[in-house]
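Report on one structure; see the data block that follows.
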Protein chains: 2
Amino acid sequence: LLICNQVSKSYRQGSARVPALRQVSLRIGEGEFVALTGPSGSGKSTLLNICGLLDQPDNGELLLAGRPCHGERERVKRRRDEIGFVFQNFGLIPVMSAFENIEYPLLLSGMPAARRKERVERMLDAVGIADFSHHLPDALSGGQRQRVAIARALVKEPPLVIADEPTANLDTATAESMVALMKSLCHGMGVTFLIATHDERMSAHCDRIERIIDGVLS
Amino acid sequence: LLICNQVSKSYRQGSARVPALRQVSLRIGEGEFVALTGPSGSGKSTLLNICGLLDQPDNGELLLAGRPCHGERERVKRRRDEIGFVFQNFGLIPVMSAFENIEYPLLLSGMPAARRKERVERMLDAVGIADFSHHLPDALSGGQRQRVAIARALVKEPPLVIADEPTANLDTATAESMVALMKSLCHGMGVTFLIATHDERMSAHCDRIERIIDGVLS
Ligand SMILES: Nc1ncnc2c1ncn2[C@@H]1O[C@H](COP(=O)(O)OP(=O)(O)OP(=O)(O)O)[C@@H](O)[C@H]1O
Ligand SMILES: Nc1ncnc2c1ncn2[C@@H]1O[C@H](COP(=O)(O)OP(=O)(O)OP(=O)(O)O)[C@@H](O)[C@H]1O
Ligand SMILES: [Mg+2]
Ligand SMILES: [Mg+2]
């Protein structure tokens with residue numbers, strides 16, 4: 001489903017260049033549940049942003065469902081239709097409630113209101129924050145915000161979910177139920193997962209663990 | 001050093017009240033290294049914000065070094081002089097580099113420039129981001145931001161450090177060195193630590209583990 005070929009990315013920092021990814025090649029098949037681990041600063045978020053069509057590599061190519069992405073318009077469309085993304089810092093919309101944040105991707109997909117409501121409420125239950133559906137993000141605890149971010153990424157049951165440290169703020173019981181939720185989508189709906197994590201509680205459940213150090217996939 | 005007596009706090013949410021803390025009583029002695037654990041949404045951040053003089057309880061009292069805080073002016077002063085705080089979402093100043101974010105508490109303390117530079121560089125080394133001292137927060141990885149937040153809380157070697165999930169975004173090796181850094185300040189300088197965490201790698205090293213569930217300290 002996802003193929004990276006010799007992907008490289010570096011950042012300009014003042015006069016220097018920070019090499020974040022060095023010729024990374026990676027193949028992920030449909031329905032796989034893959035963990036990406038590595039030290040802090042090793043390039044996990046950078047790689048996920050490229051796989052999630054949020055950013056472009058300096059070199060190399062990315063194929064999603066066998067096809068490369070040409071141009072911003074196509075990237076935006078495919079990102080919206082084919083990928084659910086859990087950001088490392090959650091990326092919730094501050095002026096929208098938990099319910100509205102989770103509903104948002106469904107608005108873009110043109111789903112009718114009654115079905116949206118039913119789908120969002122199911123997700124709120126699944127991540128255990130039904131009682132907080134009307135809270136704005138600043139009226140939610142860290143782990144509650146993280147769970148809204150997870151629910152938002154999953155609500156459309158997209159073919160590919162990319163999650164960047166999705167359990168970092170969660171206690172063990174909550175983390176375990178998030179893993180179970182993701183696995184059920186994976187095995188039940190064939191959703192593919194690529195998860196950056198240093199959390200053993202998460203990587204322990206993955207089919208495959210890819211390791212990255214200093215921008216190099218080993 | 002820190003005494004909470006029957007501290008209660010609830011939040012208004014629309015017409016409802018969300019009880020976050022229920023008559024919490026807690027005593028922490030000088031030089032103790034205490035973990036506060038509990039499920040997501042159980043009240044950890046709320047309790048830490050009160051202990052850190054960032055927020056006030058609805059009921060009950062807080063004594064810091066035996067003395068209560070009266071009035072905003074005194075709270076600001078004592079917060080600045082006596083407490084280092086690691087926020088769950090880091091709270092870095094976006095327009096300031098890693099170096100400047102860590103230096104900031106020293107500016108408020110009137111330390112001369114040469115000593116400040118020396119102290120900040122020591123902290124940057126201690127948290128392993130010396131190479132990124134000039135990066136702004138958005139040019140840092142999640143775990144690098146977290147380490148800047150830790151360095152900023154420790155740079156003044158305050159009598160009390162309050163840390164809210166300080167290792168959430170860190171790989172195991174980095175997390176272990178952060179714990180070692182904090183313990184050395186604790187045992188070497190007698191700094192007291194109150195750390196909210198669900199991270200076993202952290203709580204395993206604490207003298208004491210306090211558990212909170214639904215706003216009640218057991
Ligand atoms: N905009 C940027 N400008 C300069 N350097 C950057 C930028 N974004 C990231 N970097 C650097 O690129 C490297 C890789 O960052 P990345 O966020 O991919 O790491 P990571 O593996 O996700 O780390 P963590 O586990 O701490 O989240 C880091 O050293 C970081 O400082
Ligand atoms: N401003 C607010 N308005 C309304 N409710 C709030 C507000 N801030 C926090 N809460 C609620 O108070 C409860 C306690 O929140 P708190 O942030 O203290 O939990 P926590 O233990 O730190 O959780 P986590 O482990 O997820 O970070 C949560 O249920 C949260 O939704
Ligand atoms: Mg990252
Ligand atoms: Mg919290």
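Every chain is numbered from 1, with letters handed out A, B, ... down the list of sequences.
Under a 3.5 Å cut-off, the side chain of B:Asp171 and the backbone N or O of A:Gly38 do not form any donor-acceptor pair. Here the side chain of B:His198 pairs no donor or acceptor atom with the backbone of A:Ala173 at under 3.5 angstrom.
Between A:His135 atom NE2 and B:Gln13 atom CD the span is 3.5 Å, to the nearest 0.5 Å. Residue B:Asp199 holds its CG atom at 12.0 Å from CG of A:Leu170, rounded to the nearest 0.5 Å.
No more than 12 heavy-atom neighbours from other residues, nucleotides or ligands sit within 6.0 angstrom of NE2 on B:His134. Dense packing is recorded around CZ of A:Arg208, with more than 12 heavy atoms of other residues, nucleotides or ligands lying under 6.0 Å away. Within 6.0 Å of CZ in A:Arg211 there are more than 12 heavy atoms belonging to other residues, nucleotides or ligands. Within 6.0 Å of CD on A:Glu200 lie no more than 12 heavy atoms contributed by other residues, nucleotides or ligands.
Listed options B:Leu140, B:Leu136, B:Asp164, B:Asn169 were ranked by heavy-atom pairs under 4.5 angstrom with chain A; first place goes to B:Asn169.
At a 4.5 Å heavy-atom cutoff, the contact between B:Thr167 and chain A is made by backbone atoms alone. Contact of B:Ser40 with chain A is made through backbone and side chain together, with heavy-atom distances under 4.5 Å. Residue A:Thr37: no heavy atom, backbone or side chain, is found under 4.5 Å from chain B.
Contact detail for A:Gly41 and B:Ser141: the closest heavy-atom pair is N-OG, 3.6 Å.
Interface residues of residues 142-149 of chain B toward chain A, defined by a heavy-atom distance below 4.5 Å and sorted by number: B:Gly142, B:Gly143, B:Gln144, B:Arg145, B:Arg147.
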